[in-house]
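Here is the structure we will look at.
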Number of protein chains: 2
Amino acid sequence: MAAKRSSTETRKPRRTVSSPQSAQQRNGEQPLSLQRIVATAVDLLDAEGVDGLTMRRLADRLGAGAMSLYWHVENKEKVFDLALDAALQHRAPPQAALALDWREDVVRQLEDWRVCMLRHPWSASLLPRRALGPNILGRLELLSATLSRAGVADADLNVAIWSLWNYVIGATVTRANFDRSDDDQAAAQKRVTGLNERYPTIERSRLLLDSDWDGTFRKGLDFLIGGLATEGK
Amino acid sequence: MAAKRSSTETRKPRRTVSSPQSAQQRNGEQPLSLQRIVATAVDLLDAEGVDGLTMRRLADRLGAGAMSLYWHVENKEKVFDLALDAALQHRAPPQAALALDWREDVVRQLEDWRVCMLRHPWSASLLPRRALGPNILGRLELLSATLSRAGVADADLNVAIWSLWNYVIGATVTRANFDRSDDDQAAAQKRVTGLNERYPTIERSRLLLDSDWDGTFRKGLDFLIGGLATEGK
DNA sequence: ACCTGAACACCGTTCAAGT
DNA sequence: ACCTGAACACCGTTCAAGT
């Protein structure tokens, strides 16, 4: 997407006089703000992936000079932190919705989490490496509270939360990167298929081949929760 | 580490005559080879992290001209693929070692996998995004075979493998990135502590605070395997 | 067959300067 | 207070050329 930038003709920098569109007027754009920067960063990441986010490109999308961002934001790193937490937007569900079996509650929360990350495929691989923003902490708190209410002792909570976290992160990061480019997927499958004689069990399991990602995610999660339920208290 | 590069004096490119050390002689170095490139890339990644790997820097370490690598390797991407699989070096254990309880076998394999990745902290976050090389496939095959031998039906193998994979990846990628820089860790903990009143359950679980990573990994893994064992056949 | 430097089109960030 | 361009020290990769 994102119309190919017209080979920037910076030949004559005499914009002062007849510059056809100043930053402000170009869509009746608001002035720069942290909010606008973060929202645009998320869009850019959605459209172009992690490598596509560039301070210059981001500023361009905002109709701002290349260096203007640095007044609002410390770093490119900081932009990643903020975009990540924004992508994981989370509002706690109404109390009423929590009346079900706790297992079902946990599954719902984690499926929501996963869907959210899959909508922003760059987010999964960023999450474990970056600061934990309020949205992420909010999700963790809700998960913890659900487990605690279900009877998991405080001493076991740490393990339980991390196990579920690990599972969701691993599943989502893998999934997000496997179906991103069909080229890669085709190549990976071909490679797997090509080497099958050396990996007979992998072949029998049809690993990577018919991928009911959603069902697999759910089933594995059930196993994990089952383990937590029988031993976890 | 890595002695600061002496501000490259490329002023006078008349190396032809008295260049004091040609590429070949500079440690009695062998000529370039894919093997040497990959090994050096792993070293560089270990020392400087993902962002520290640069084609130019890599060539420098090899005592080669900046562009020489491109004869042996297609891409920087390819270097990552090769370095990753090299870091996950795997030789199947002797059959005799597999006589134990299958649960114990699985735990051992996954702990070895994890330790291996923790030795090269950049590898965990790379693994889910890159091609599956022979070492990775070898590990997956061994895991599959162990599960299969334990009685997991072919139809359930896919879920079982992915669940374990997800858990190991998630756990390792998180761990590798949390204790990498003490600054970040301190900051993360401070942030968590600072926001505690809003996240009471997280506080009670002491999430992130006293981190017995190894024990937590093991316990969560036991839960997952327990779940697989009771429902997985 | 193997290696090389110059060159191109990019990066993130500093800084002194504009309004 | 907010925004800017020029400049610096880097990138990955192409290409025409050397041995």
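Protein atom CE of B:Met55 is 14 Å distant from nucleotide atom C1' of C:dC3, rounded to whole Å. The CH2-C1' distance, from B:Trp71 to D:dC15, rounds to 17 Å in whole Å. For the pair B:Leu69 CG and D:dT14 P, the computed distance is 13 Å after rounding to whole Å. Counting to the nearest Å, the P atom of C:dC10 and the CZ atom of A:Arg57 are 9 Å from each other. Rounded to whole angstrom, the span from the NZ atom of B:Lys76 across to the C1' atom of C:dC11 amounts to 12 Å. Between the CG atom of A:Leu58 and the P atom of C:dC11 there is a distance of 12 Å, rounded to whole Å. Here the C1' atom of nucleotide D:dA9 and the CG atom of B:Asp51 are 16 Å apart, to the nearest Å. Atom CZ in B:Arg56 sits roughly 11 Å away from atom C1' in C:dA6 (whole-Å rounding).
Nucleic acid contact class of B:Thr54 (heavy atoms, under 4.0 Å, all strands): sugar-phosphate only.
The strand DNA chain D forms stems, runs of 3 or more Watson-Crick or G-U wobble pairs with distances below 3.5 Å, at C:4-8 with D:12-16, C:12-16 with D:4-8.
Neither OP1 nor OP2 of C:dG12 sits under 4.0 Å from any side-chain N or O of A:Asn75. Close to D:dC3, at under 4.0 Å from its OP1 or OP2, lies a side-chain N or O of A:His72.
Distance from the side chain of B:Met67 is smallest to C:dT4 among D:dG12, C:dT14, C:dT4.
Using a distance-only test at 3.5 Å, with no hydrogens or angles considered, a donor-acceptor pair links the side chain of A:Ser205 to the main chain of A:Leu207. Put simply, the side chain of B:Arg206 never gets that close to the backbone of A:Asn158: no donor and acceptor are under 3.5 Å apart. Judged by distance alone, with hydrogens and angles left aside, the side-chain atoms of A:Glu141 form a donor-acceptor pair with the main-chain N or O of B:Thr201 at under 3.5 Å. Not one N or O on the side chain of B:Asp112 forms a donor-acceptor pair closer than 3.5 Å with the backbone of B:Arg108.
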Side-chain atoms of residues 63-71 of chain A: list all donor-acceptor pairs with protein atoms under 3.5 Å, sequence neighbours left out, distances to 0.1 Å.
from, atom 1, to, atom 2, distance (Å)
A:Ser68, OG, A:Gly65, O, 3.2

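By the 6.0 Å and 45° rule, B:Arg175 does not stack over the aromatic ring of B:Phe217.
With respect to the salt-bridge test (charged N to carboxylate O, under 4.0 angstrom), the residues B:Asp85 and B:Arg139 do not qualify.
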